[in-house]
Every structure is written in structure tokens, then in C-alpha cells.
2 protein chains.
Amino acid sequence: MDKFIAHILMVDDDDGIRSLVKKYLNENNFLVTTANSAENALEKIKIIKFDLIVLDIMMPGKSGLEFIMENKKKLETPVILLTAKGEAKERVEGLEVGADDYLPKPFEPKELILRIKNILNKTIKIDQKRVIEFENVKIDLNKFLIFKNNREFKINATEKVILEQMISYPGKTFSREDIGQLINLDKERSIDVVITRLRKKIEIDPKNPKFLQTIRGTGYVLWIE
Amino acid sequence: MDKFIAHILMVDDDDGIRSLVKKYLNENNFLVTTANSAENALEKIKIIKFDLIVLDIMMPGKSGLEFIMENKKKLETPVILLTAKGEAKERVEGLEVGADDYLPKPFEPKELILRIKNILNKTIKIDQKRVIEFENVKIDLNKFLIFKNNREFKINATEKVILEQMISYPGKTFSREDIGQLINLDKERSIDVVITRLRKKIEIDPKNPKFLQTIRGTGYVLWIE
DNA sequence: GTTATAAATTAAAATATTTTCACACATGAT
DNA sequence: ATCATGTGTGAAAATATTTTAATTTATAAC
């Protein structure tokens, strides 16, 4: 797969912060475009499809908040809000309006990077990474198919939802309750069985699961990479 | 990118609220331990390093307020106060004493989550080390694995929790009771057995432990570098 | 060194949890 | 209606973990 370089729009009226963040993001392999006002940002959005927007909530003129409100639906672009300290109320509102994350100023550049990566991981997977490959296994979530050693297995909606979630958070432990919520099953045994069947499809050696492992007393984890 | 799961202590004398909040926090990917009194909370704080404490201000016995006053300085752990309606005075006092935030009851679980995240964002070292290396030993807490001399050992949830805590406080002595609390074991021998098992996995020479040592009459310590 | 006490080790038994199996039920196709 | 197929369930089997107990080993005090 080609190396994906995310294109980020950095919107802030403060020249200092703007160029600093841009520099930092560049060093971390992001392509960065900046805007010094909400209006300016809107112009750029019209012609460029960004992968993510970093937005100062306290800009003069049209506030960052309104900006998101008006454009979030059309955008389909995740937004990280930068908030000045002490504006708790607005912060919460901003989130509910649809920001994907927010970061109180002053912030560590490193922290911003982390959050950006975090969000990109989620959104990019959801939108385009519907085919996941690891070792001899290929999972096509769109087609509900798993290919393993030249054999093809069909997965059902239940199995798909579980894989979808676990693939979004590899390494995260899902309790049975978590999984039950996902697929509307509340009997623990039933969830076990779903896992067993899934293993038969994705594991090379289902008796010794390598990818979909049990954490006894805790739940299940998916290891891919 | 490692996933950090925050460990939260929920202190409330009301069983209903306690379990409700615990459930909700669990669903939102927090690890939750509960206490039903300030005294009980203190016990747990002594042995577990929490990332955040949610505290009901109106508990009987030692009030939540005193509790914070006495321990806030040592704790270094952020606290969110839950306050019953109309106790404005106390609320303010609580804040001044050092709560990091407060939330009037009744509250929306969603709002609690927001505030927790907000505080954690500020306080947590984001790239928390989940992989620890010393000499020939590498412990990957995320993957429940220990690598020692090219061999790979799997640890279970019990062993992981112990390592997790001991790694947070290298050099600190944990009594058997401490460890028992952590992993819900109360038989002393059982803890010995767990330690033995752990040593087989992390020690180069399990018979002469170098890292996980016994302090006779007192407990166990982990020495890493 | 001897003795008393604490801790480590081991194996076996008891318990708890997970996996698997076989059946039952539902659904949709023929 | 019958059949084939897929999915959920309970129970049995397999496995992992904890407890117990017996023994050995280590430590500290005398």
C-alpha cells in the first residue's frame, strides 16, 4: 500500500501558533495547509479535501464553533478543536456539535500529534480500509469474506461487526459484555461460540489462536500488524 | 500507538450510583475500581495508583471533603467531586481545597465522561510506557507477554495487574495483602504461588530473584535497573 | 550451630472459565 | 410443506487458575 500522507488544515488566527504547529506537523510527516480565519478556511475547504482540520475555537469573526456547526455535515472531515482555558461550557457544546476531539491550550505539540493520529486511524479505516491483510489472511469487510490459505470463508453480519470493531482497536481487550452490546447477545456462552466460529475462519490454527486471543477473566483481543 | 486505559476510583456510598457509574465508565473504556466509603477508598489508594478519583462529597463518616484535604497533596491524583444539589458553600470549599472539577448531582453520565477525559488529557503522560525493558527481559503489558532470552512467556490478567502496579512503583514494597487486594486473592499461599509463577517468567534465575525480590516479613519489591 | 519462623516449591484437588459439541429453532428457498 | 442453512443455547469437555497441603529451603535470633 502506498504510504498515505494526511493533509491537515490548521486554522488559527495567531501567527505564532500557526506556523509553529505547521512546522511541527511537517516534521511528523503531515502535509499542512494553514488558514488564519474561519472565512479563509472555508475558501480552502471548497477546493481541497482535507483529511483533518485543527481549529482554534476562539478566533475572532465567525467563531470556530459556528464554523463547524455550519459545515460539519457536508465536510465529513474530522475536526480537532483547540480551546483556551476556562471555557468549559463552550468546550462541551463544541463537542456535541460534532468535533471529534478537543485540546485545551496550552498543549504539547506531541499531544496534538497523538490525537491527530488517533482520529486518522479511525476515520481512514472506516472509509477506505475495508480490506485488511495480515499473514495469510485477508478480511474483506465489504464483501463479508475472509480468505485464508486459498480458501474462502463467508462471515455474517454478527461476525463482521465484531471484526470491524476489533480491527478498529487492535490490541484492545473487549469484554464479553462489550461484544454482547455490539451484536445484541447477552448469553455469555453464545458469545464464546461466535468467537469460536470466527476463529475457525481467521485463524491458521484455530486451536492455538494467534490473532483472536482470549484474555481469561477479561475478554478477547485481536492482534494484527 | 499504545492504548492507555485510565484506572479510575469511584467513591460513593450509594450502591446504585456506584454500580451505575462503574458500568457507564466501563463502557467508555475506563478501568474502574469502586469504594463505598472514604475509609475504604483510602485503603485502596494506598495500594493502587489511580489516574483519577470520582468522589461523592456527601458520604457519611469521614466526609469526602476532609478526605481530599488530608490526602490531596500526597496523592497527585486528580479528583472530581460529586455534589448534591444546593450545597453551594461546601462545593466551593471543596474546589478550593483542591478538587480538579466538580459535578452537581444529578448529572448526565455523558458529562461526567467529558470532564474525566478533560482532566485526564491534562494530567496523563500520553505516551505511557506499556513496554518495559531491563537487561534481557522485555515486558509488554499490552500484549500480556514477557520476552526473556529469546523465549516468550504469556502472562495472565492476574500477573499483568501485579506487574503493572509494581512497575508503577519500582522499589516500593507490596505486602501480600496489597497484592491480594489487587487481584482478589485472599489466601496468602495463593499469592506465593502467583509470585513463583511470575518469577519463572521474568527472572533469569528464578531461584535467585534479582528483580522480584522478597522482603521477609513485609512483602515483595520489584527492582528494575 | 540450633532452633523457630517465614517463604518457596511442588503436586494434587477444587474451582472457575472457556471451548466445543450437538441439538433446537428460525429463516428462506424450492 | 419440506429441506437446507445458519444461528443461538445449554450442557459436557477441556483448560486455566486458585486453593490446599505437605515439604523443602531460607533467614534471623539466640
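Computed from a predicted structure; not experimentally measured. Below, chain A is the first sequence line, B the second, and so on; all start at residue 1.
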Taking only distance into account, with no hydrogens and no angle test, what donor-acceptor pairs under 3.5 Å do side-chain atoms of residues 147-154 of chain B form with protein atoms, sequence neighbours excluded?
from     : atom 1 : to       : atom 2 : distance (Å)
B:Lys148 : NZ     : B:Lys200 : O      : 2.9
B:Lys148 : NZ     : B:Glu203 : O      : 2.8
B:Asn149 : OD1    : B:Asn136 : ND2    : 2.8

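The CD1-P distance, from A:Ile195 to C:dT19, rounds to 8 Å in whole Å. Distance CG (B:Asn156) to P (C:dT18): 12 Å, rounded to an integer number of Å. At whole-Å resolution of the value, NZ in B:Lys201 and P in D:dT17 are 7 Å apart. Distance B:Ile162 CD1 to D:dT17 C1': 13 Å, rounded to the nearest Å.
Annotation: side chain of B:Arg197 is in contact with side chain of B:Asn156 (closest heavy-atom distance under 4.5 Å).
Using a 4.0 Å heavy-atom cutoff across all strands shown, A:Leu185 reaches sugar-phosphate atoms only and no base atom. Nucleic acid contact class of B:Thr214 (heavy atoms, under 4.0 Å, all strands): sugar-phosphate only.
Although no hydrogens or angles enter the test, the distance criterion places a donor-acceptor pair under 3.5 Å between the side chain of B:Ser168 and the main chain of B:Glu164. Although no hydrogens or angles enter the test, the distance criterion places a donor-acceptor pair under 3.5 Å between the side chain of A:Arg199 and the main chain of A:Leu212.
For the pair B:Lys22 and B:Tyr24, the NZ or CZ position fails the cation-pi test of under 6.0 Å to the six-membered ring centre and within 45 degrees of the ring normal. Geometric assessment of B:Lys210 against the ring of B:Trp223 yields a negative cation-pi assignment under the 6.0 Å and 45° thresholds.
Listed nucleotides: D:dT17, C:dT18, D:dT7. Nearest to the side chain of B:Thr158: D:dT17. Closest approach to the A:Tyr220 side chain among C:dT19, D:dT17, C:dA8 is made by C:dT19 (side chain taken as heavy atoms from C-beta onward).
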Would you tabulate the pairs of protein nitrogen or oxygen atoms and nucleotide nitrogen or oxygen atoms of nucleotides 10-13 of chain C closer than 3.5 angstrom?
none

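A close approach under 4.0 Å does not occur between any side-chain nitrogen or oxygen of A:Arg176 and OP1 or OP2 of C:dT17.
Judged by closest nucleotide on DNA chain C, A:Glu188 is the one of A:Arg197 and A:Glu188 placed further toward the 5' end.
A donor N or O paired with an acceptor N or O is not found under 3.5 Å between the base of C:dA7 and the side-chain atoms of B:Arg216.
For A:Thr218, the side chain to side chain donor-acceptor pair (under 3.5 Å) criterion is met by no residue, not counting sequence neighbours.
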